[in-house]
Structure formats: structure tokens, C-alpha cells
There are 2 protein chains.
Amino acid sequence: MNQSKAPAPARRSDATRRAILDAARERFAADGYERATIRAIAQQAQIDPSMVMRYYGNKEGLFAAAVAIDLQLPDPASLPRDDAGHALVTHFLHMWEDNDVLTALLRVGITNETGAERMRGIFSDQLLPLVERVCPDPEQAPARAALVSSHLLGLALTRYVLRFPPASRLHPDEITAWLAPTLQRYLTAPHPGR
Amino acid sequence: MNQSKAPAPARRSDATRRAILDAARERFAADGYERATIRAIAQQAQIDPSMVMRYYGNKEGLFAAAVAIDLQLPDPASLPRDDAGHALVTHFLHMWEDNDVLTALLRVGITNETGAERMRGIFSDQLLPLVERVCPDPEQAPARAALVSSHLLGLALTRYVLRFPPASRLHPDEITAWLAPTLQRYLTAPHPGR
DNA sequence: TGTGTAGGCCAACAAGCGTTGACATCCACC
DNA sequence: GGTGGATGTCAACGCTTGTTGGCCTACACA
């Protein structure tokens with residue numbers, strides 16, 4: 001964001017800051033907000049707990065800094081309307097397999113109101129606009145987006161958090177084959193009525 | 001379970017025990033495992049924290065006693081195969097609106113490994129058998145049940161825990177109209193292939 | 001009526017938590 | 001070469017947590 005405007009201060013402590021954020025993401029993802037302790041994060045980053053406080057103020061500040069999520073959703077304009085469901089599923093699967101920030105936010109969003117608020121923000125700032133562009137009647141967009149997010153978050157929940165064995169074992173291709181038509185229907189099919 | 005066999009000891013403390021369990025369910029549902037403190041539960045039940053320990057040993061024992069879930073799924077035999085999707089959605093919606101034990105378990109299942117194990121047990125002991133009866137090829141039952149549970153738990157997550165406004169606002173009838181065909185497809189439609 | 005036991009409360013413990021402030025150490029700049 | 005701010009360490013704080021043991025009370029049974 002400030003890479004072109006500000007010439008990057010390049011502090012000497014950047015490595016430490018990054019180590020803290022990396023450790024924080026990992027602990028938050030594995031343990032959730034409450035059980036992820038500052039002490040454990042500091043130990044994993046091989047620094048003193050007080051450094052965390054110096055650089056991020058408090059635990060909430062650390063969480064805010066560690067969990068910044070950009071879903072990198074595709075541009076709705078370049079998205080073929082009939083292919084939106086398929087594109088969404090594969091995109092989410094890739095994002096989720098790659099990094100554990102999403103799992104961290106999911107875990108924290110459930111125990112911590114700040115985390116829940118963050119997830120609501122991501123929903124309305126990133127997913128909703130895309131759905132508004134794709135779906136037929138913009139007025140129905142919120143409901144349709146809610147259905148889509150329900151299914152995708154539920155998949156992440158059973159697969160990466162609760163680890164239902166059948167959900168964890170499913171091959172990404174098979175998930176895509178099942179979910180793509182569903183999401184496509186939620187996005188573009190006519191309202192089924194009452 | 002022991003109402004007909006054992007003649008019910010009828011201890012004088014039964015009222016207290018029940019007050020503790022009621023309070024525990026409520027606190028676990030609202031706060032999750034870590035933030036639901038024994039002290040808060042005891043205060044809500046208007047007894048001393050030490051009573052909780054006496055009757056349930058420790059916090060894990062209390063949780064185990066408080067969160068016993070019977071989904072009360074319909075008998076697969078009496079379930080018209082073409083109506084299974086619709087029946088499942090309405091059943092889950094009713095269960096979830098009625099009592100907060102399900103929300104409690106969902107919250108706890110995410111932060112606590114004991115809770116997650118409990119949810120896996122419910123999945124395989126209660127949902128899976130039903131799906132095995134309904135779906136065409138029993139070998140596909142685990143995957144199909146995983147898809148169903150993903151969607152239903154995702155709905156509960158966005159509606160009751162994260163409280164995405166559009167998900168919370170959706171009328172049960174509308175949810176049913178959207179989800180019933182999806183679940184029906186997951187249960188009985190031919191495998192979409194890779 | 002006396003007594004044993006279950007029910008209940010109170011105070012305290014050890015441990016872990018987030019957080020703080022004082023003190024060393026290092027590097028950049030005048 | 002000396003100085004000042006950034007970087008890092010250490011010890012401790014106040015608080016909350018789960019958990020424990022001692023003590024009082026009241027009821028059931030003899």
C-alpha cells in the first residue's frame with residue numbers, strides 16, 4: 001500500500017517484526033485467539049514477549065496486524081458468468097491450501113468478536129461486490145452471497161478445522177465437481193421462491 | 001437412558017446439577033470453551049464454583065456432561081428418498097433455532113480438540129448411517145455425508161456464530177427453498193465424476 | 001432425639017496470562 | 001569518538017483461571 005508513496009523506512013527490526021507475524025499467524029491458526037499466547041508466539045519467533053508489545057501494542061493489535069486478508073478474488077468483469085461457480089470453488093481451494101491465515105481467521109472469528117467483525121468485513125467488502133456483478137438481480141445479491149459463503153466456509157470448517165475424515169480426504173477435483181454447480185446455481189439461477 | 005432400568009436415585013442435589021448444566025450450555029454456546037469460565041457458569045447457576053468441581057470433576061467433565069447431542073434424525077426407512085434433502089434442511093433449522101446446545105458444540109468444536117472429536121463422532125454415528133441408507137452407492141456415503149454436513153454446518157456458522165447479516169436475515173423458508181435441492185443432489189444424484 | 005452424611009459456602013492455592021518499566025546493548029550520525 | 005535513539009533482555013506486576021480442602025448446615029434415618 002505504501003510501497004510506492006513512502007520510500008520504505010527499512011528499519012533494522014523488520015526481520016523481527018516479520019518473525020513475530022509469521023509465528024502469530026501459525027499460533028492463531030493452530031490454537032485460536034484465546035489459547036494462542038503472546039509468550040508462545042514470542043518463543044516461536046525466538047524473541048522476548050515484551051517485543052511483541054512494543055511493536056504491536058497489545059494482543060488485539062498483533063492479531064489485527066497478523067491477519068490481513070485479501071481474497072484476491074478475480075475481476076468480475078473478466079469472469080465468464082456461466083463459469084463463476086467453478087472459478088470460485090477452485091480459487092478458494094487454492095487459497096486455503098496455500099496459507100493458514102484463512103484458517104487462523106476462521107478459528108478466531110468464532111471465539112472472538114473482533115475476528116467475527118473482520119470476517120463480516122471481508123464478506124461485504126470482497127465477496128459481496130463480486131456477487132453483485134454476477135447475479136441477475138442486485139437486490140438478491142446479499143442472500144446469494146450468504147449462501148455461497150455458507151457453503152465455502154462450511155467446507156473449510158469440516159475439512160481444515162474439524163477434520164471430518166471424509167471431508168479431509170476428498171480430492172480437490174471432486175470437491176470442485178460437486179460444489180461448482182451448486183455455487184453457480186446460488187449465483188445465477190432464478191430465485192426458487194419461498 | 002437409565003429411567004426404566006435404574007429406579008432413579010433422586011438425589012437432593014438434582015436441581016443444582018440441572019442448574020449447572022443449563023448455565024454451562026448457555027455459557028459454552030455464547031463464549032466457547034476457553035472464555036466460558038467455571039466461575040461465570042457457577043454465578044449464573046447461583047451456586048459456588050466448587051460445586052461444579054464436586055459434581056463434574058473438572059471443566060472437561062462438565063463440558064462432556066453439558067453437551068450431549070442427539071440430532072434426532074428421522075428414521076431413514078420412513079424417509080421418502082426424493083424428499084430427504086428437504087427433510088434434512090427443515091430438521092436442522094428447527095433443531096438449531098430451538099436450543100443452543102448445537103451452537104455450543106460448534107463453538108467448542110473449533111477451539112477444543114475434545115469438542116472436535118465429539119463432532120466427528122456425531123457425524124459418523126448419526127448423520128453417516130442415514131446417508132448410507134439414502135444414497136445409491138453406500139461406498140460414496142462418506143463423501144456425500146461430508147458434503148451435506150459442510151453445507152449445514154456452514155449455514156449454522158454464518159447464521160448463528162459469525163452472524164453475517166444476510167445469513168441471519170434469511171427466512172427459514174427461503175433457506176429451505178435454496179438448500180433442499182442442493183442436499184438432495186448431494187444425497188442421491190449420480191456422481192458428477194472427477 | 002441423636003447422628004452420619006450429603007449439600008453447600010468460603011478462602012486460598014499454584015499456575016498462567018497480558019502487560020509494564022527499568023536496564024543493558026548496538027548501530028547511525030554529527 | 002561521543003551521543004542518542006532504536007533494539008533487545010530481564011524481572012516483576014496485577015489479574016484471572018481451574019482447582020482444592022476445610023468448615024458449616026440441614027436433612028434422613030435410627
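In what follows, chains are A, B, ... by sequence order, proteins preceding strands, each numbered from 1.
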Trainee: Decide yes or no on side chain to side chain contact (heavy atoms under 4.5 Å, CB included) for B:Leu105 and B:Phe63, but give the supporting numbers first.
Mentor: CA-CA 9 Å; B:Leu105 182 56; B:Phe63 171 70; 4.0 Å; yes
Trainee: Within the sub-3.5 Å range, which N or O atoms of nucleotides 5-7 of chain D have a protein N or O partner, and how far apart are they?
Mentor:
unit_1: D:dT7; atom_1: OP1; unit_2: A:Arg12; atom_2: N; d: 3.4
unit_1: D:dT7; atom_1: OP1; unit_2: A:Ser13; atom_2: N; d: 3.2
unit_1: D:dT7; atom_1: OP1; unit_2: A:Ser13; atom_2: OG; d: 3.1

Trainee: Can you tell me how far C1' of D:dT19 sits from CD1 of B:Ile41, to the nearest Å?
Mentor: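 Nearest whole value for this atom pair: 14 Å.
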Trainee: Please step through salt bridge (charged side-chain N to carboxylate O under 4.0 Å, His left out) for the pair B:Glu97 and B:Arg159, ending with a clear verdict.
Mentor: CA-CA 11 Å; B:Glu97 302 276 350; B:Arg159 185 176 169 88; 3.1 Å; yes
Trainee: If you measure only the distance, is there a donor-acceptor pair under 3.5 Å linking the side chains of A:Glu60 and A:Thr114?
Mentor: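 A:Glu60 vs A:Thr114: donor-acceptor pair found between side chains.
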Trainee: Which letters describe nucleotides 10-18 of chain C, given B = protein heavy atom under 4.0 Å from base, S = only from sugar-phosphate, - = neither?
Mentor: B-B----BB
Trainee: Enter the distance from A:Ile38:CD1 to A:Met51:CE here, rounded to the nearest 0.5 Å.
Mentor: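 It is 13.0 Å, given to the nearest 0.5 Å.
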Trainee: Please collect all salt bridge (charged side-chain N to carboxylate O under 4.0 Å, His left out) contacts where either partner lies in residues 107-133 of chain A, sequence neighbours excluded, each pair once.
Mentor: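 For residues 107-133 of chain A: A:Glu113-A:Arg120, A:Glu117-A:Arg120.
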Trainee: Using modelled atom types and a 3.5 Å cut-off, is there a donor and acceptor pairing between side-chain atoms of A:Gln126 and backbone atoms of A:Ile69?
Mentor: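 Confirmed, A:Gln126 side chain pairs with A:Ile69 backbone.
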Trainee: Distance-only, no hydrogens or angles: does the A:Arg163 side chain make a donor-acceptor pair with backbone N or O of B:Ala116 under 3.5 Å?
Mentor: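 The answer is no, because no donor-acceptor pair under 3.5 Å joins these two groups.
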Trainee: Any side-chain donor paired with an acceptor under 3.5 Å for B:Thr158 and A:Ser150?
Mentor: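 Checked: B:Thr158/A:Ser150 side chains pair up, N/O donor to acceptor below 3.5 Å.
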Trainee: In whole angstrom, give the distance that lies between atom CD1 of A:Ile20 and atom C1' of D:dT9.
Mentor: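 Going from A:Ile20 (CD1) to D:dT9 (C1'), I get 14 Å.
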